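Everything numeric in this text was worked out from a predicted model, so none of it was measured.
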Amino acid sequence: MSDVADVQALVVVDVQSAFFTGEGAVPAARPVREAIEGMLRRARERGVLVVHLQNDGPEGADDEAGTPGWELALPVVAGDREVVVRKKRDDGFEGTPLGGVLVAAGVKGIAVCGVMSEMCVSATARTALARGYRVVLPHDAHATYDVPAADGISDVVPAATVSRVAEWALGDEVEVVARAADVSFSEAG
């Protein structure tokens with residue numbers, strides 16, 4: 001794990017009402033949200049690029065486009081330094097303008113946070129790494145659900161374990177920091 005991380009952009013993955021409020025919230029919704037809010041506040045204060053990825057779930061899904069669960073759980077300060085990018089796939093780069101937005105802003109390093117650790121967070125981080133970005137992943141700023149038990153395979157896998165395994169599976173190029181508070185931001189230069 002890294003100690004301190006300085007990046008030029010914050011990518012907030014799928015922080016939507018379906019996953020952060022009510023009965024369907026991820027188990028660590030409150031502390032993860034607080035960690036993300038702290039990074040969001042610092043990113044805005046530094047004037048760096050903030051990208052909110054918003055998943056357009058399929059019909060009937062908790063995050064189906066246009067439903068209450070699809071709405072972003074954190075307020076967006078829309079402008080040239082804070083944008084919303086809608087997506088239909090796990091990877092925030094696939095079929096979206098995310099790559100162009102980062103290139104246009106001159107970003108070399110990003111912090112990635114949000115949900116689900118092993119799906120959209122991981123897929124977006126992996127593509128960012130493949131595109132040559134420095135990727136910082138704060139451990140306390142991403143989450144997921146428990147993996148249900150599977151007869152003959154395993155008992156329930158706790159969400160915290162799933163999140164840690166997702167970090168590990170990204171390999172040694174990703175920089176995992178223990179706390180979102182350890183992430184600092186600087187303007188692209």
Side-chain angles (χ1 to χ4, degrees), residues 1-16 19-20 26-54 72-85 91-93 98-99 101-144 159-160 162-189:
M1 286 198 184
S2 297
D3 291 329
V4 177
D6 187 59
V7 293
Q8 301 83 45
L10 176 61
V11 178
V12 182
V13 181
D14 303 345
V15 178
Q16 293 169 247
F19 313 124
F20 281 86
V26 294
R30 172 175 261 156
V32 168
R33 180 180 177 140
E34 289 170 357
I36 293 170
E37 287 172 333
M39 281 197 305
L40 189 55
R41 185 182 63 259
R42 291 192 315 281
R44 287 173 177 153
E45 288 169 357
R46 295 293 303 188
V48 301
L49 178 65
V50 175
V51 179
H52 299 267
L53 294 177
Q54 184 176 27
L72 293 173
L74 297 174
V76 175
V77 180
D80 62 340
R81 303 305 294 163
E82 190 161 344
V83 298
V84 176
V85 172
D91 181 354
F93 288 90
L98 177 59
V101 169
L102 295 173
V103 168
V107 169
K108 302 289 185 223
I110 63 173
V112 179
C113 60
V115 294
M116 299 310 156
S117 301
E118 78 285 14
M119 294 166 36
C120 299
V121 170
S122 180
T124 301
R126 190 173 305 284
T127 296
L129 289 167
R131 291 182 177 213
Y133 290 99
R134 177 177 177 226
V135 177
V136 174
L137 184 62
H139 176 75
D140 64 347
H142 67 95
T144 193
V162 178
S163 291
R164 182 64 183 123
V165 170
E167 294 168 353
W168 186 256
L170 287 168
D172 59 2
E173 291 178 12
V174 70
E175 295 176 43
V176 177
V177 296
R179 299 174 327 118
D182 295 332
V183 177
S184 60
F185 298 94
S186 61
E187 292 184 36

So, taking the atom named [atom1] in [X] and the one named [atom2] in [Y], what distance separates them when rounded to the nearest 0.5 Å?
{"X": "Asp182", "Y": "His139", "atom1": "CG", "atom2": "NE2", "result": "12.5 Å"}
{"X": "Glu118", "Y": "His142", "atom1": "CD", "atom2": "NE2", "result": "10.0 Å"}
{"X": "Thr124", "Y": "Leu98", "atom1": "OG1", "atom2": "CG", "result": "7.0 Å"}
{"X": "Gln54", "Y": "Asp14", "atom1": "CD", "atom2": "CG", "result": "8.5 Å"}

For residues [X] and [Y], report the shortest heavy-atom separation together with the two atoms involved.
{"X": "Leu170", "Y": "Leu129", "value": "O-CD1, 4.2 Å"}
{"X": "Gly106", "Y": "Ala188", "value": "O-CB, 3.3 Å"}
{"X": "Gly99", "Y": "Tyr133", "value": "O-OH, 4.1 Å"}
{"X": "Gly109", "Y": "Val7", "value": "O-CB, 3.4 Å"}
{"X": "Ala143", "Y": "Val26", "value": "CB-CG2, 3.9 Å"}
{"X": "Ala180", "Y": "Arg42", "value": "O-NH2, 2.6 Å"}

Heavy-atom donor-acceptor pair, [X] side chain to [Y] backbone, under 3.5 Å:
{"X": "Arg131", "Y": "Phe93", "answer": "no"}
{"X": "Arg44", "Y": "Val50", "answer": "no"}
{"X": "Gln8", "Y": "Lys108", "answer": "yes"}
{"X": "Arg126", "Y": "Asp91", "answer": "no"}
{"X": "Glu82", "Y": "Val77", "answer": "yes"}

The residue among Val136, Leu10, Val13 that forms side-chain contact (heavy atoms from CB on, under 4.5 Å) with Val112 is Val13
So Val15 and Leu72, side-chain contact (heavy atoms from CB on, under 4.5 Å) or not? Walk me through it. CA-CA 6 Å; Val15 178; Leu72 293 173; 5.6 Å; no
So, Thr144 and Ser117: side-chain donor and acceptor under 3.5 Å apart, yes or no? no
Full working for salt bridge (charged side-chain N to carboxylate O under 4.0 Å, His left out) between Arg41 and Glu37: CA-CA 6 Å; Arg41 185 182 63 259; Glu37 287 172 333; over 6 Å; no
For the pair Val115 and Phe20, evaluate side-chain contact (heavy atoms from CB on, under 4.5 Å) and give the outcome as yes or no after the intermediate values. CA-CA 9 Å; Val115 294; Phe20 281 86; 3.8 Å; yes
Between Arg164 and Glu167, is the salt bridge (charged side-chain N to carboxylate O under 4.0 Å, His left out) condition met? List the steps. CA-CA 5 Å; Arg164 182 64 183 123; Glu167 294 168 353; 2.7 Å; yes
Let me see the working for Met116 and Phe19 under side-chain contact (heavy atoms from CB on, under 4.5 Å), right down to the final yes or no. CA-CA 9 Å; Met116 299 310 156; Phe19 313 124; 3.4 Å; yes
Are there over 12 heavy-atom neighbours, none belonging to Arg46, within less than 6.0 Å of that residue's CZ? no
